Asker: 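Got a structure here, written out as structure tokens. Questions coming.
For clarity, every value in this text was computed on a predicted model and none was experimentally measured.
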Amino acid sequence: MSYPALAARTAVVTGAASGMGAATARLLAANGARVALLARRTDRIEALVAEIAAAGGQALAVTADITDQDSVDAAAAAVHDAYGPVDLVVNNAGVMLPNPLADGRIDEWTRMIDTNLTGALRVIRAFTADLTAAAADGRTADLVNVSSIGAHVVFPDYAVYGATKAALTQLSTALRAELGPRDVRVSAVEPGLTDTELGGHIDNPALREQLGGMFAAIPALTAEDVADLIAYTVSRPRHVNLRHQVVLPTRQA
């Protein structure tokens with residue numbers, strides 16, 4: 001699908017080095033948005049910027065670690081210097097590190113909380129003033145938080161991951177109450193089984209095998225499927241807020 005309403009939008013996409021973030025950045029740019037790509041892997045986002053430019057789009061590579069406040073502040077400054085205020089933020093960066101809670105993996109818990117929740121909050125803090133100003137000017141303003149079905153579906157050994165995503169979905173609901181009256185739309189998107197790099201970070205062989213079995217049994221969503229849903233969401237008329245969307249592979253119960 002094409003989304004002409006995205007032309008002239010200025011977007012920030014976190015976690016843009018791969019998967020859903022890269023696919024979303026690519027699709028937004030293809031539909032006329034200027035897109036700032038935020039991620040830690042500079043080589044990946046620079047390659048994506050080159051790809052987008054070759055296709056006639058506009059994109060900016062901004063190396064950023066959303067677990068570090070100074071890095072987020074510097075990234076916001078770089079985006080503002082290049083593009084000015086933004087009117088679309090896609091909080092996509094996230095990590096999934098499952099293990100039994102009894103293993104006591106504080107390293108993984110901290111990384112997931114810092115990335116999936118606190119990192120998202122840092123990005124929201126950096127760009128909320130832009131969104132409210134855009135809305136006050138009568139323009140469309142969107143905050144999209146990419147959560148997971150793990151926010152409400154229990155998967156054994158994914159407790160902390162699920163907790164961070166539940167918090168992100170709840171945060172979206174609370175922010176909608178704060179920002180909706182100011183005409184800023186807040187949307188939570190919860191994908192099910194999706195073919196991305198997330199599973200590659202799992203260091204538990206049994207859980208890696210279990211996830212591989214799910215991919216063998218269920219035709220998964222692609223990153224492009226989720227990107228298309230995000231683009232559809234933010235291209236609705238500005239008085240329409242698609243607030244909470246769960247997207248699953250057809251065969252995932």
Asker: Are Val184 and Val13 grouped together when hydrophobic residues (ILVMFWY) are joined by side-chain heavy atoms under 4.5 angstrom apart?
Answerer: no

Asker: State whether the side chain of Ser235 and the backbone N or O of Tyr232 hold a donor-acceptor pair below 3.5 Å, judged by distance alone.
Answerer: yes

Asker: Is there a donor-acceptor contact under 3.5 Å from the side chain of Ser187 to the main chain of Val144?
Answerer: no

Asker: Hydrophobic side-chain clustering at under 4.5 Å (ILVMFWY, transitive links): who's grouped with Phe215? Put none if nobody.
Answerer: Val95, Met96, Leu97, Leu101, Ile106, Trp109, Met112, Ile149, Val153, Phe155, Tyr158, Val160, Tyr161, Leu193, Leu198, Ile202, Leu207, Leu211, Met214, Ile218, Val246, Leu248

Asker: Just by modelled atom types, is the Thr173 backbone N or O under 3.5 Å from a matching donor or acceptor in the Arg243 side chain?
Answerer: no

Asker: Can you tell me which residue pairs pass the side chain to side chain donor-acceptor pair (under 3.5 Å) test with a partner in residues 205-218, sequence neighbours excluded?
Answerer: none

Asker: Considering residues at least two apart in sequence or located in another chain, which fulfil the ring pair (Phe, Tyr, Trp, His ring centres under 6.0 Å) criterion with His80?
Answerer: Phe127

Asker: Working to the nearest 0.5 Å, report the span between CD1 of Ile113 and OG1 of Thr67.
Answerer: 13.0 Å

Asker: Does a side-chain heavy-atom distance below 4.5 Å link Arg44 with Ser18?
Answerer: yes

Asker: Counting distance only, does the side-chain N/O of Asn92 pair as donor-acceptor with the main-chain N or O of Thr14 below 3.5 Å?
Answerer: yes

Asker: Among pairs that include at least one residue of residues 19-32, which meet side chain to side chain donor-acceptor pair (under 3.5 Å), considering only residues two or more places apart or in two chains?
Answerer: Arg26-Glu51

Asker: Do the non-hydrogen side-chain atoms of Leu171 and Ile124 ever get within less than 4.5 Å of each other?
Answerer: yes

Asker: Do the side chains of Asp142 and Arg185 get close enough for a salt bridge, i.e. N-O under 4.0 angstrom?
Answerer: yes

Asker: Salt bridge (charged side-chain N to carboxylate O under 4.0 Å, His left out) with Asp203: which residues, sequence neighbours excluded?
Answerer: Arg105

Asker: Donor-acceptor pairs under 3.5 Å, side chain of residues 72-79 to any protein atom, not counting sequence neighbours: which ones?
Answerer:
{"residue": "Asp73", "atom": "OD1", "partner": "Gln69", "partner atom": "NE2", "Å": "2.8"}

Asker: Could you state the interatomic distance from CE (Met1) to CG (Asp228), rounded to the nearest 0.5 Å?
Answerer: 6.5 Å

